[in-house]
S.K.: 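Here it is, the structure, as C-alpha cells.
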Amino acid sequence: MDTPPRRYRNRFVILAALFVVVFFGSFLVGRYSVPPLTLVRVLWARIVRLVTFEHVVPAALWTGTEEAVVLNIRLPRIACAALVGAALSVAGASYQGMFRNPMVSPDLLGASTGAGFGAALAILCSFSYFGITIMAFCFGLAAVTLAYFVSRFSRLNATLGMVLAGVMIGSLFSAGTSFVKLVADTEDQLPAITYWLMGSLTSVKGRDTLFALIPIAVGTIPLLLLRWRVNLLTLSEAEARSIGINTDRLRLAVIICATLVTSASVAVSGMIGWVGLVIPHFCRMLFGYDYRRLIPASILMGATFLMVVDNIARVITAGELPIGILTSFVGAPVFLYLIVTGGAERER
Amino acid sequence: MSVEVKDLDFSYGEIPVLHGVSFSIEDGELVAVLGPNGVGKSTLFGCLLGFLKPTSGSVSLFGHEVHTLSRRELARCVSYIPQSAAPVYNYTVLDMVTMGLTGQLGLFRAPAPEHREQAMEALDGLGIAHLAYRGCNRISGGERQLMLLARALVQGARLLVMDEPTANLDYGNSFRVMERVRELTRSGMTVIFSTHEPNHAFRYAGRVLALKGGSVLADGVPGEALQEETLSTLYGIDVAVRQTNVGGETIKLSIPYQGGPEK
C-alpha cells in the first residue's frame, strides 16, 4: 500500500522550494526594474555586512536607487506579505480545528473587527501610521479578550458560548467603526479609514514588519509545538478529555496564540480576508488533516500566496489595488476550480 | 475492584438526576447499563469519567477517588467511546488511533514511529490493519467502532466505558463489535456499556445494572436480574422473556408486546 508520509514529504519539498523562489522573485517585481544580478549583489552585500560588519562587496556595482528599492521598499514589504500570509493561515487552521468547523476564519472571535475599530479610531485622532498599527493591535487583542471572558460566564457549552460572544463583540466593534466613519472628516480621514479596512501593504515600512514579527513569532512557535495536540481539539470535548487532555487549558493557549498572530497581522496590513479561511483548505487537500503537517504547510502556503498576490497588486494598476480585494479575486476562482474538479476527494 | 460507587447523588442545579446509586464492579466484568431515556445513564458515565462532579457520595476507580485524579491520570484508568458520530475532519484511521496515546506524551511531543507501531498493532489485533491509511469518514459504522476500540486500547486503561456502542450499527456489525468487546473482558479488561436493547444485555453482558428514576432497580446476572416484571417496570410496557438454545448455549430473549385483556 502507498504510504502517505512519502507522498506528503515530496509535496512539502515542492512547497518549500516554491516559497523560496517566490520570495526572491518578488524583489524583481515592481515598476522600478532591478536586474537579477544586481538584486543578488545587493542582498549578498547586506548579508555579508550583517555578519561581518564590513563592506566587502564594492557598492559601485549598483546605484543608490537600486539599493533603496531592494532594501528599504521591497524587502520590508515582501517580508511583511510573507509574515501576514503565514500568520493568517496558521491562525485560520488553528481556529478551524478548535471550533471543529472548516468554515471558520481567524476573525471569528472579533480580532479583525476589533483591530479595524482601533485603526479607525486612531485615524480619527490623527495618529501616526505607527500609532495606527499599535491601536489596531491592542483593540484586536481587547476584542477577543472580551469575547473570551464573556463566554466564561455563559452557561452554554464552551465553544458555542465563545462563538456567540465573538460574533456579538465583533458586531459591536464594527458598529463602532461605522460610527467613527460617520463622524470622520470626509476629505482625508474617511478615505484613509476605508482604504485601511480594505487591507494594503503599500505603506509598510521596515519598522512595521519588525513590530509584527514579534507577536507573530510569539504566537506561531507555541502553535507549532502544540500542533499534534490541536488534532485532539477537533474531537468531541468528552473524547479529548477522556484521552487525557486538559481541553480548557489547551483551547485557551490556542486562542491566545491565534489572536496574537491575527491582531498583529491585521494591525500592519489592514483587513485581508479569504487567506485565513481558504489556505488551510488547500493545505488539507494536499497534506491531509493531521496538524503536524497542516500547520507548517499553512505557514509556507499562506506566505507564498500573499507574496504572489501582493506582487500582482504592485504591478496591475498604477494606483495599486488594495490587497484585501485581490486575495478574493485571485483565490476564489482557484478554490472554485478545486471544488469542481474534486481536489478534496483525491485522498482516500 | 475496578469501579466502586457509593451513595452517588447527582443533580444539575435543582434538578436531581441520580439518587443513592451504589454498586461495585470487579476486574474483567462486562456490565450493561439499562434504563429508559433520560434516566441518567450518561450522567452516571460522566461521573465515572470525571466530567461531572457528584453532588454527594463517592466514585472510585481502581481504589482512587475520581475527582482527586488529573485528566492525565484518569486517562490511564478509564477510556471512553462516545456514541458514534462522524468526525468533522477526515483523519486517517491510523492517526485517529494514535491520538489515544496523547495523554501519555509530553506536552510538546508528537507521536514517534514506535507509537504508530503500537497503534498499528492495536488495529491488527482487531483485524482492521488494512484500514490504517483510509480516511475515518470513509469506513463503515462497524469499522469506525472498531477503530475507536483500538484507540481506547492503546490508551492503556483497564476500564472502558462505551456509550451505546451498537446505536448506529447494523445487525451483523453489532454482533461483531460486541464479540470483540467480550473477548477484551476475557483478558481482564473491565467494560461498562449502555444500551437500549435488553437482548444485548442478555446476549453479551455478564452483569446488568438497571436504572429507574435515578436509582438502581436491579443489579445482577442478566438472566436473573432482568425478569419480565423488571423490564415492564423499567420501560412501562409489557415484556415477555423466553429462553432458547443456540449452539449449546442457553440464551434469554425479551420481546415487547401489547398487553392482552386477561392482564
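Just so we're on the same page: letters track the sequence lines, and every chain starts at 1.
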S.K.: So which heavy atom on A:Y289 is nearest to which on B:N90, and how close?
M.R.: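 In terms of heavy atoms, the two residues are closest at CD1-O, 3.1 Å.
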S.K.: Against chain B, work out which of A:E237, A:R100, A:R292, A:R229 has the most heavy-atom pairs shorter than 4.5 Å and name it.
M.R.: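 Highest number of pairs under 4.5 Å: A:R229.
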S.K.: Could you tell me which non-hydrogen atom of B:F51 sits nearest to which non-hydrogen atom of A:A238, and how far apart they are?
M.R.: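 Nearest heavy atoms, B:F51 then A:A238: CZ-O, 3.2 Å.
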S.K.: Is the closest side-chain heavy-atom distance between B:V88 and A:P102 below 4.5 Å?
M.R.: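 Yes - at least one pair of side-chain heavy atoms lies under 4.5 Å apart.
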S.K.: Are there more than 12 heavy atoms of other residues, nucleotides or ligands under 6.0 Å from atom CZ of A:F153?
M.R.: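 Atom CZ in A:F153 is not packed in, count stays at 12 or less.
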S.K.: Rounded at 0.5 Å granularity, tell me how far CZ in A:R284 sits from OH in B:Y89.
M.R.: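 A:R284 CZ to B:Y89 OH: 4.5 Å, rounded to 0.5 Å.
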S.K.: Start with the C-alpha gap between B:L148 and A:E239, add the side-chain angles, then the distance that decides, and say whether side chain to side chain contact (heavy atoms under 4.5 Å, CB included) holds.
M.R.: CA-CA 10 Å; B:L148 294 179; A:E239 275 175 289; 4.2 Å; yes
S.K.: For residues 32-50 of chain B, pull every pair meeting salt bridge (Lys or Arg N to Asp or Glu O under 4.0 Å), keeping only residues two or more places apart or in separate chains.
M.R.: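 The answer is none; no pair qualifies.
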S.K.: Taking A:L235, A:L224, A:L250, A:T247 one by one, which has the highest count of heavy-atom pairs under 4.5 Å against chain B?
M.R.: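 So the answer, after comparing A:L235, A:L224, A:L250, A:T247, is A:L235.
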S.K.: For chain A, which residues from residues 52-70 of chain B lie under 4.5 Å away (heavy-atom distances)?
M.R.: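 None at all.
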S.K.: Is there side-chain contact between A:I243 and B:R151, with at least one heavy-atom pair below 4.5 Å?
M.R.: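 A:I243 vs B:R151: side chains touch.
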S.K.: What are the residues of residues 95-108 of chain B, in order of number, with any heavy atom under 4.5 angstrom from a heavy atom of chain A?
M.R.: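 Only B:D95, B:M96, B:T98, B:M99, B:G100, B:T102, B:G103, B:L105, B:G106, B:L107, B:F108 of residues 95-108 of chain B have a heavy atom under 4.5 Å from chain A.
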S.K.: Would you mind checking which part of B:V78 comes under 4.5 Å of any heavy atom in chain A, side chain (CB onward), backbone (N, CA, C, O), both or neither?
M.R.: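 It is the backbone, since no side chain atom gets that close.
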S.K.: Keeping to residues at least two apart or across chains, list the salt bridge (Lys or Arg N to Asp or Glu O under 4.0 Å) pairs with something in residues 66-90 of chain B.
M.R.: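 Counting only pairs at least two positions apart or across chains, no salt bridge (Lys or Arg N to Asp or Glu O under 4.0 Å) contact touches residues 66-90 of chain B.
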S.K.: Using every non-hydrogen atom in the two residues, find where A:S242 and B:A75 come nearest and quote the distance to one decimal.
M.R.: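 So the minimum-distance heavy-atom pair works out to O-CB, 3.6 Å.
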S.K.: Side chains of B:Y91 and A:D290: any donor to acceptor distance under 3.5 Å?
M.R.: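 No, no side-chain donor-acceptor pair sits under 3.5 Å.
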S.K.: Taking atom CD of B:Q83 and atom OG of A:S236, what is their separation to the nearest 0.5 Å?
M.R.: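 The OG atom of A:S236 is 11.0 Å from CD of B:Q83, to the nearest 0.5 Å.
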